[in-house]
4 protein chains.
Amino acid sequence: MDGFQRRREQKKQAILLAALTLFMKNGIQKVSIAEIAKEAGVSQVTIYNYFESKHQLTYDVFVFYIESASSQFEELVHSDLPFPDKIRMIMFSKKEVAQQIHEEFYQYLMKQYSTEGNLFENLYEEKVVPYFSQLIQEGKDQGYVDDSLSEDAIRFYLEMLRTYMQNEENYTKALPLTEDINKIFFYGIMKGKQE
Amino acid sequence: MDGFQRRREQKKQAILLAALTLFMKNGIQKVSIAEIAKEAGVSQVTIYNYFESKHQLTYDVFVFYIESASSQFEELVHSDLPFPDKIRMIMFSKKEVAQQIHEEFYQYLMKQYSTEGNLFENLYEEKVVPYFSQLIQEGKDQGYVDDSLSEDAIRFYLEMLRTYMQNEENYTKALPLTEDINKIFFYGIMKGKQE
Amino acid sequence: MDGFQRRREQKKQAILLAALTLFMKNGIQKVSIAEIAKEAGVSQVTIYNYFESKHQLTYDVFVFYIESASSQFEELVHSDLPFPDKIRMIMFSKKEVAQQIHEEFYQYLMKQYSTEGNLFENLYEEKVVPYFSQLIQEGKDQGYVDDSLSEDAIRFYLEMLRTYMQNEENYTKALPLTEDINKIFFYGIMKGKQE
Amino acid sequence: MDGFQRRREQKKQAILLAALTLFMKNGIQKVSIAEIAKEAGVSQVTIYNYFESKHQLTYDVFVFYIESASSQFEELVHSDLPFPDKIRMIMFSKKEVAQQIHEEFYQYLMKQYSTEGNLFENLYEEKVVPYFSQLIQEGKDQGYVDDSLSEDAIRFYLEMLRTYMQNEENYTKALPLTEDINKIFFYGIMKGKQE
DNA sequence: AATGAATGAGGGTTCATTCAT
DNA sequence: GATGAATGAACCCTCATTCAT
């Protein structure tokens, strides 16, 4: 990649990052192309030179996000932390800007771009799900996780927790409850369980 | 309340319901006053006669929603179902239109109306939280719930589940996993726990 | 039609007229909605309240034009002028604003709206062609027109002359040549013909 | 002209040709510099290096067109076809791409560039009119054309026919009427003329 | 009280043109 | 001389809100 290409790529990243940041702060519709341009330090038209419409930009931002998240998961899953710590990190690790995605963002995509719904769904399926699966399998292999629970159900829980925590408010609310939230996830709410 | 008042009140309800329905289907920003007016069968100006701005209308819709939810919780909590069934219903009972609230709705409120954030927060605190608390207390009293878990943590879980399930996609995904999701909530994911 | 309806209709006409005038003076693309709004003395949005897009407005302007032209032809054809004078009038009568249509206008419609091409074509066919036909038939019946010439060919000539004259420049050029242009149309360019 | 100059000239021609082609297909305004650049296989800036603005380019395209047309007329007039065939060819010969000019093109120039109107007018006067005149004179000399008809009037007709035929739609409509259209031009529409 | 009509402000997008390499 | 990148201005259109009846 020559200097030209590289600079082009950098600018593209800058725009994506600006857009993602703003989208997450304010939602998608509330963010105008003008704002993104300002945040990224380019003119509106430059954005159109890279992404042919707001629609397309939004999609690309999503891909950008998913890929960031994906590589972060990959790292986490392949790390040599003990299983319970990995779980904890998924729920509570404060992510870098680029990887926080607020629920509305996701919802919005699913709703507004319903025709391409599958695209999003598929990308997620392909880039993120496998790491969850791997992690859960690891938990089972190491004897942490009840074999009789379906992987889907556990993943559902993990994703829910993760998604929910992405929201600033919820995260703040959860923080002082870390201990108990973990306990519930691992041991449930029941008293004197399963003897 | 005389006939005038009553009719006035009915019209107001019709507008609120129309707005809520549309907000939940499409998100708040995507719904124009014109659409709400059409759905409610009134003119745009009539809406302004009742609610002085879209901002205000949105707030009132939220109140309307919270109150519906509140009375539904009240009913549930006071019913004579066994504790575990109550929990199950909170997670999985498919709610009537008026009470489904899509996540974006809530997020949006919290974000856009941040100055009044407390208002929403307070209302929720006042109208919904008590029933959750009562329910959890009941669980503890009846020996279902581990006393050592903080009420806040359990409520966090319940709210998360409820909120997450409001989303059509998630609900659909969860449905076939009902059994396991319940199990995880009650017993956690761990194998051969806590002996 | 009540007062409301009437005023609405008047405003619509005003917009159509403003648009037609500007379109003919400057072509369609060069004329912005803002300009039309200004010329018609309304706000841009008002235009959108009546015509749902520039596309649609353009179409409606065309219909408006064709109908004006149509009724003018009707009058001319049904008048009791001698045949040659009717022909002369078609070529040379200076039309009112509403009925001048500059070639570009027509061309533009045919080009840009090619999908609906037929719509325009059909309207013209239905509203204008019949009067031409009637006129030509009259010319044949009265012994003015060579029976062996096809109606289509004569109409082609008439339409060409009329269209061409709509253009200011051409009209101006033709004016001093009236006599000869008529002669050519009636007798051709040949010397001592057809003996 | 050295190799440099030659290559420069070739590129200029390529751009002019690309522009003319596109202008004729889509009208002037609809064609962006970007499109022309693409069609000509050069960058936008290159166009600006040769022609200092779209305005200027348009003008140069027109000159290019007129000169093509001019040399074609020259050839036709100097050919040894009989007079009536020359006339026929003016009306009906299907022209090569570079020489078709769609009416909108001409109209547009006359309208948008009204300040320079004379420039266009003059060029046309100088490059095209003489051949028409020559042709008409030839017709008169050979006894085909009525001496009493002014040259201007005949040229008016010829230009009108030629212009009108440039339009695809009109040409198509005229084709099956060739015979009669010629007849009208030569002999007029009258029955049993001028005895 | 209720409505149809009207609007200012703003959003996404395109285009002729210039900048920097 | 040639290019990819960048831009200001303008355009079509939408929306929350107000006016006039």
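These numbers come from a predicted model, not from an experiment. In the text below, chain A, chain B and the rest are named by the order of the sequence lines, each starting its count at 1.
With B/T58 contributing its side chain and B/K54 its backbone, the two residues share a donor-acceptor pair below 3.5 Å. Side chain of A/T46 to main chain of A/V42: no donor-acceptor pair is present (N/O by atom type, distance under 3.5 Å, no hydrogens or angles).
The strand DNA chain F forms stems, runs of 3 or more Watson-Crick or G-U wobble pairs with distances below 3.5 Å, at E:2-21 with F:2-21.
In terms of the side-chain contact (heavy atoms from CB on, under 4.5 Å) criterion, B/A14 has no residue partners (sequence neighbours excluded). Considering only residues two or more places apart in sequence or on other chains, D/S53 meets the side chain to side chain donor-acceptor pair (under 3.5 Å) condition with none of them. For B/D60, the side chain to side chain donor-acceptor pair (under 3.5 Å) partners are B/Q56, not counting sequence neighbours. Every residue meeting the salt bridge (Lys or Arg N to Asp or Glu O under 4.0 Å) condition with B/E67, not counting sequence neighbours, appears here in chain and number order: B/K127.
The 12-atom threshold is not exceeded at CD of D/E52, counting heavy atoms of other residues, nucleotides or ligands nearer than 6.0 Å.
Residue B/F51 contributes atom CZ, which lies 14 Å from atom P of F/dT17 at whole-angstrom precision. As a whole-Å value, the separation of B/I15 CD1 from E/dA1 P is 13 Å. The nearest whole Å value for the distance from the CD atom in A/Q10 to the P atom in F/dA5 is 13 Å. Atoms CG (B/L22) and P (F/dA16) sit 12 Å apart, rounded to a whole Å. Taking atom NZ on D/K38 and atom C1' on E/dC15, their separation rounds to 15 Å, with Å as the unit. Taking atom CD1 on C/I47 and atom C1' on F/dT14, their separation rounds to 15 Å, with Å as the unit. Atom CD of A/E9 and atom P of F/dA5 are 11 Å apart (whole Å). As rounded to whole Å, 16 Å separates atom P of E/dG4 from atom NZ of C/K12.
Between D/I33 and D/Q44, the shortest heavy-atom distance links the atoms CG2-OE1, 3.9 Å.
A cation-pi contact, defined as under 6.0 Å to the ring centre and within 45° of the axis, links C/K12 to C/F51.
Within 4.0 Å of B/Y50, counting heavy atoms only, lie sugar-phosphate atoms of the nucleic acid but no base atom. Residue D/K11 is in sugar-phosphate contact alone, with no base atom involved, counting any heavy-atom pair closer than 4.0 Å across all strands shown.
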Going 5' to 3' through nucleotides 7-13 of chain E, assign each nucleotide B (protein heavy atom under 4.0 Å from a base atom), S (under 4.0 Å only from sugar-phosphate atoms) or - (no protein heavy atom that close).
-> BB---SB
